[in-house]
Amino acid sequence: MDRYEQVTELARRRGFMWPSFELYGGAAGFYDYGPLGARLKRRIEDIWRRFFVIGEGFAEIECPTIGIEEVFRASGHLSGFSDPLTECKECKEIYRADHLIKHIVEVPDALSAEEIYRVIKENDITCPECGGELSEVYEFNLMFRTAIGPGNRHPGYLRPETAQGMFINFPRLLRYYRDSLPFGAVQIGRSYRNEISPRQGVIRLREFSQAEAEVFIDPRSKRHPRFSEVKDLRLRLYSREAQERGEVEEMSVGEAVERGIIAHEILAYFVARTYEYLLAVGVDRERLRFRQHKADEMAHYAADCWDAEVLLDRLGWIEIVGIADRTDYDLRSHMALSKANLSVFVHYPEPIRRKRVVVKPDMKALGPRFKGRAKAIADALQSMDLSNLKDDIIKVTVDGETYEIERSLVSVEEIEEEIRGEEVVPHVIEPSFGIDRILYTVLEHSYHEEPVEGETRVVLRFLPGISPVDVAILPLMDKDELVEPARRIFDAFRRCGMLAEFDTSGSIGRRYRRNDEIGTPYCITVDYQTLEDGTVTVRDRDTMQQIRIGEERAVDVIRDLLSGALCFSEAGAPVKA
RNA sequence: GCGGCUGUGGUCCAGUGGUUAUGACAUGAGCUUCCCAAGCUCGUAACCCGGGUUCGAAUCCCGGCAGCCGCACCA
C-alpha cells in the first residue's frame, strides 16, 4: 500500500470522503465529503476567506452555477473548451482530429469539425495505428449542457470556472467599490468539467470546488502597495529557465521581481499570499513549489502564470493553485459581445492642460445641403490633417464619393482643454484555487505513521483550527460517576461553539488512537482524580504528553491552545509518565 | 474512450461449480479502578450489477459499472 492508498482508505473508512453514488455502483469523477471531510473543507475555505476576503478586502459574491450561452461564447469556453475528435472505425482508437491534419493545415484550430473532416477525406488520412477509416469529426465540449426552460431554445451550461461570475458583474462591482481601482471579488463554489477520463480520486473531478479571486487593477502600474510585506518571503520557484535546467531555485519574492522572473509586483504579491495560505492550512513547505507556465502551455491571453504545485506520493507534482495575469482579455471579450462599457475612468492626480486644434464644420450649412450624409462628411472633415484644410475648396471623400466644401464652411480653432483622466480597461490578476486538491494534499501531508511500543500509530497532524474535531472528551471508564462530569465539560464546549466529541467506548488507549487517526489535536480525560480535586488531563496529539488542569479552565485552555496563544507545556501541570 | 489487471462484511484478505462462505482488524452490548489499539463473553455485518450456461453460479461465459496501471485527453 502506498501513501495515496493509505490516505484514501483512511478517508473512506473514517468519513472524510468517498466515491459518490456507491449504492448504485458509482460514477467516475464524483466524490462525496462525509462528516469529517465536509468540516475539513469548510475550515479550509474559511481560512481562505480569512486571507482573501478579510485580509485583502475582496468582496465575496455568489452566482448561479448554470450560465447562459452568451457568457461562454464571450469567455471562449464554447469554442475553445472543446476538442474535435475522430474515431477509427476499425480499431476504435480516438484521436484529436486537429492533430491529425497539423502537417497539412497551418492553423487547424480555426477550422470547424466539418472542415477538418473534409481535410481528412481529401487527403486520405487514415488511422495512424491500423490504417482504418476515420469517423466523422465531432466536437467534444468539456462543458455540461442543459436546457433552460422547456424546449431547446435556451441552452444552459454548467460553469467550468467561477471566474465568469465576477467578470459579468463587473459594472455592479465597480459601483460597489465606488468607481475606483483596484478592487477584487471572489467566489467559492462548484464548477463542472465533463472530463473524458477522470482519475486519481479527488484530483480530477467532474464536479469540483474552486475558490477564485479576480483582482481588477489599473493596467498602467503593476506595483502593489503592500509588496514590502511579502518581499522577503523565500519561495521555491521553478521558472521557465529553471525548468530548462531542471532545478528549482529558492529566492525571495523581491528578488524574483527584480530579476524579472515573476513578471511584476502584483503577481508576485499573490504568489506570496498563496504561499502563506497554503502553509496556514497545512501544506508541507518542503513539498511545495511555484512553477511558471511555459509560453506554449499558457492560455493565449495570459501574460504570465504561476502554479502552486505540491508533491504527492503516488501522483508526483500536482497543480493546486494557478495565479495568472489574464490581462484585459475577459473584460474586452464581454465588452465586444455585450456592447457594454466595461472600462473605468481613472482620474489623474492633476488634470492635464493641453492645447488642441479642433475643426468645426458649419453644420447649419452642411446639414441642409447634404442631408443624411452631412454627419459622415463632418466626421471626415474633423479627422483630416490640418495641412489639407488650406485650400479654398476642400475635397472630402466619403464612401467612395467626393464632395467639395468651401473653406469658409469650416472653422479651425485652437482650444485649451483640461483632461482629468482616462478610460482604462482593467487588467485581471486571478489566483484560482482547487479546493478539493488542497484538501487531499492537507490529508496526505498531515498523514504520519510512527512506531509506538511495537504498534504503528497513525496520526493526522492537522494544524490546530483545521482539524474537523477540536477536542474529544473522554471519561476514563464508562461509569456514571465519570461520565457525568465529562458530559458537563462536553456541554460547556458545545455552548461555546466548539467542535467537541464525546466518546465512552473501548479502552482509553483505543480512544486516543481513534482520535489521532482523525487528527483531533487534544483529548480531555476525566478520571478518578477529577472526582477528588476537580482536575482533568489534557493530552496532546503530537507528543502524546499530558497535563492536568482545573475542569473549569478546560474551554479556555483548549481555545488558547488552538489559537496558539498558549503553549501546551505551559498550560498546566505535567503528568508523570 | 482503448488495452491490461482487479472487484468477497466498515477495512484488509482467504477460498470453492454443490449443505449454514474462512479469518484478522474495526464496530455494537457486557465484564474488568482501564492513561495510550490489552483481555474475556455475546452480537451485527459481505461474494459490484445485469444477462447467459447449468439440476445448481459468489465461482464459468458475455455485457455493464467502478478502481488501478499504460495510451489518449487534461481549457
Side-chain angles (χ1 to χ4, degrees), chain A residues 1-2 4-6 8-15 18-30 34 72 75-83 85-88 90-96 99 109 127-130 135 140-143 160-161 163 191 193-201 203-206 297-302 314 318-319 322 324 432 452-459 474-479 481-482 504-517 523-529 531 536-541 543-546 548 575-577:
Chain A
M1 257 216 249
D2 62 14
Y4 173 81
E5 231 173 321
Q6 289 168 318
T8 49
E9 190 269 320
L10 169 65
R12 232 179 310 135
R13 188 164 42 80
R14 297 307 306 271
W18 52 69
S20 300
F21 316 117
E22 278 186 311
L23 194 62
Y24 292 104
F30 298 96
F72 302 114
S75 72
H77 287 100
L78 215 47
S79 54
F81 206 55
S82 68
D83 297 322
L85 299 181
T86 182
E87 189 178 331
C88 172
E90 300 296 321
C91 69
K92 304 294 177 200
E93 186 65 61
I94 291 187
Y95 298 98
R96 281 280 296 270
H99 288 180
D109 294 2
C127 172
E129 282 297 316
C130 71
S135 76
F140 180 80
N141 194 291
L142 257 38
M143 282 194 294
E161 59 176 17
S191 294
R193 293 174 193 180
N194 202 0
E195 297 283 354
I196 295 174
S197 78
R199 289 254 177 108
Q200 299 156 337
I203 299 299
R204 254 175 90 202
L205 293 170
R206 290 187 164 124
E297 76 182 297
M298 214 149 42
H300 56 283
Y301 48 79
R314 180 193 290 186
I318 293 285
E319 169 196 354
S432 171
V452 174
E453 292 169 18
E455 303 266 1
T456 302
R457 183 171 86 115
V458 173
V459 195
L474 313 171
L476 185 65
M477 292 181 63
D478 192 6
K479 298 273 185 202
E481 65 265 36
L482 297 175
T504 62
S505 117
S507 75
I508 188 67
R510 178 185 297 273
R511 281 175 278 159
Y512 285 150
R513 289 291 196 273
R514 275 206 286 251
N515 278 289
D516 288 341
E517 204 180 44
C523 292
I524 289 181
T525 303
V526 171
D527 56 16
Y528 287 97
Q529 195 179 328
L531 305 180
V536 295
T537 69
V538 181
R539 177 229 190 221
D540 175 57
R541 175 195 68 203
T543 62
M544 304 201 301
Q545 280 167 359
Q546 286 179 293
R548 279 203 95 83
V575 174
K576 294 167 289 296

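Keep in mind that what you see is a predicted model, and the values were worked out from it rather than measured. By convention in this document, chain letters (A, B, ...) are assigned in the order of the sequence lines, proteins followed by strands, and residues within each chain are numbered from 1.
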What's the gap between B:G50 and B:C40 when it is taken at their C1' atoms, as a whole Å value? 46 Å

Answer with base, sugar-phosphate or nothing: what part of the nucleic acid does A:Arg206 contact at a heavy-atom distance below 4.0 Å? nothing

Given the C1' atoms of B:A14 and B:A72, what is the spacing between them in whole Å? 38 Å

Return the nucleotide paired to B:C68: Watson-Crick means purine N1 to pyrimidine N3 with N6-O4 or O6-N4, wobble means G-U with N1-O2 and O6-N3, both under 3.5 Å. B:G4

Just to verify, what does A:Glu22 make a salt bridge (Lys or Arg N to Asp or Glu O under 4.0 Å) with, not counting sequence neighbours? none

Do A:Tyr528 and the base of B:U33 stack face to face, with centres under 5.5 Å apart and an angle between planes under 30°? yes

Under 3.5 Å, is there any donor-acceptor pair linking the side chain of A:Glu195 to the base of B:C74? no

With a 3.5 Å limit on both atom pairs, tell me what B:G18 is paired to, counting Watson-Crick and G-U wobble, or say none. B:C55

What nucleotide, of B:G10, B:C69, B:C73, holds the atom closest to the side chain of A:Arg314? B:C69

What integer number of Å spans the C1' atoms of B:C36 and B:C73? 49 Å

Comparing nearest nucleotides in RNA chain B, the 5'-proximal residue of the pair A:Arg514, A:Thr456 is A:Arg514

Residue list, salt bridge (Lys or Arg N to Asp or Glu O under 4.0 Å) with A:Arg199, at least two apart or on another chain: none

Whole-Å gap separating C1' (B:C36) and CZ (A:Arg510): 12 Å

Using purine N1 to pyrimidine N3 plus N6-O4 or O6-N4 for Watson-Crick, or N1-O2 and O6-N3 for G-U wobble, each under 3.5 Å, what pairs with B:C47? none

Determine whether A:Arg12 and A:Pro19 make a side-chain contact, defined as any pair of heavy atoms from C-beta on separated by less than 4.5 Å. yes

Can you tell me, in whole Å, how much space there is between the P of B:U11 and that of B:C68? 16 Å

Quick one: which of A:Val536, A:Val575, A:Asp540 gives a side-chain contact (heavy atoms from CB on, under 4.5 Å) with A:Gln546? A:Val575

Residues in contact with RNA chain B, drawn from residues 22-30 of chain A - heavy-atom cutoff 4.0 Å: A:Gly25, A:Gly26, A:Ala27, A:Ala28

Phosphate contact (B:A38 OP1 or OP2) by A:Ser507 side-chain N/O below 4.0 Å: yes

Expressed in angstrom and rounded to an integer, what is the separation of A:Ile508 atom CD1 from B:C36 atom P? 10 Å

Contact summary for A:Arg206 and A:Pro198, nearest pair of heavy atoms: NH2-CD, 3.3 Å

Using whole Å, what does the distance between atom P of nucleotide B:C36 and atom CG of A:Asp527 come to? 12 Å

In whole angstrom, give the distance that lies between atom CD of A:Gln200 and atom C1' of B:A72. 14 Å

Under a 3.5 Å limit for both distances, which nucleotide forms a Watson-Crick or G-U wobble pair with B:C12, could you say? B:G23

Selection from B:A37, B:C12, B:G1 that lies nearest to any side-chain heavy atom of A:Ser197: B:G1

Regarding A:Gln546, tell me which of base, sugar-phosphate or nothing describes its non-hydrogen contacts under 4.0 Å with the strands shown. base

Among all residues two or more places apart in sequence or in another chain, which pass the side-chain hydrogen bond (donor to acceptor under 3.5 Å, both in side chains) test with A:Arg539? A:Asp516

First of A:Pro160 and A:Gly506 reached from the 5' end of RNA chain B, by closest nucleotide: A:Gly506

Measure CE/A:Met477 against C1'/B:A38 and give the value in whole Å, please. 13 Å

Measuring from the side chain of A:Arg539 (C-beta onward, heavy atoms only), which nucleotide among B:C12, B:C36, B:G1 has the closest atom? B:C36

Find the distance A:Glu5:CD to B:U6:P and express it as a whole number of Å. 16 Å

Distance-only donor-acceptor test (3.5 Å): side chain A:Arg199, base B:G70: yes

Would A:Leu476 and A:Gln529 count as a side chain to side chain contact (heavy atoms under 4.5 Å, CB included) if you check the C-alpha gap in whole Å, the side-chain angles of each, and the deciding distance to 0.1 Å? CA-CA 11 Å; A:Leu476 185 65; A:Gln529 195 179 328; over 6 Å; no

Kindly indicate, with the supporting measurements, whether the criterion side chain to side chain contact (heavy atoms under 4.5 Å, CB included) is fulfilled by A:His77 and A:Asn141. CA-CA 9 Å; A:His77 287 100; A:Asn141 194 291; over 6 Å; no

Under the ring pair (Phe, Tyr, Trp, His ring centres under 6.0 Å) test, which residues partner A:Tyr4, sequence neighbours left out? A:Tyr440

Please report the distance separating the C1' of B:G15 from the corresponding atom of B:U22, rounded so that it comes out in whole Å. 7 Å

Base, sugar-phosphate alone, or nothing: which one does A:Ser505 contact when heavy atoms must sit under 4.0 Å apart? sugar-phosphate

Please work out if A:Phe21 contacts a base, only the sugar-phosphate, or nothing of the nucleic acid, heavy-atom cut-off 4.0 Å. nothing

P atom, B:G28 versus B:A45: distance in rounded Å? 16 Å

Nearest-angstrom distance from the residue atom CD1 of A:Ile203 to P of B:C74: 18 Å

Once you round to the nearest 0.5 Å, how far does OH of A:Tyr528 lie from NZ of A:Lys479? 6.0 Å

Go through B:C36, B:C73, B:A37 for me and flag the one nearest to the A:Val452 side chain. B:C36

Using Watson-Crick or G-U wobble geometry with both distances under 3.5 Å, which nucleotide pairs with B:U41? B:A29

For B:C48 versus B:C31, give the span between their C1' atoms, rounded off to a whole number of Å. 40 Å

With a 4.0 Å cut-off on heavy atoms, is A:Leu142 in touch with a base, just the backbone sugar-phosphate, or nothing at all? nothing

Nearest-angstrom distance from the residue atom NZ of A:Lys479 to P of B:U33: 6 Å

B:G51 and B:G4, which share atom name P, separated by this distance in whole Å: 25 Å

Which of B:C68, B:C74, B:C36 is nearest the side chain of A:Arg204? It is B:C74

Which part of the nucleic acid does A:Arg457 contact within heavy-atom distance under 4.0 Å: base, sugar-phosphate only, or nothing? nothing

How would you list, by chain and number, every residue that makes a side-chain hydrogen bond (donor to acceptor under 3.5 Å, both in side chains) with A:Ser505, sequence neighbours excluded? A:Arg514

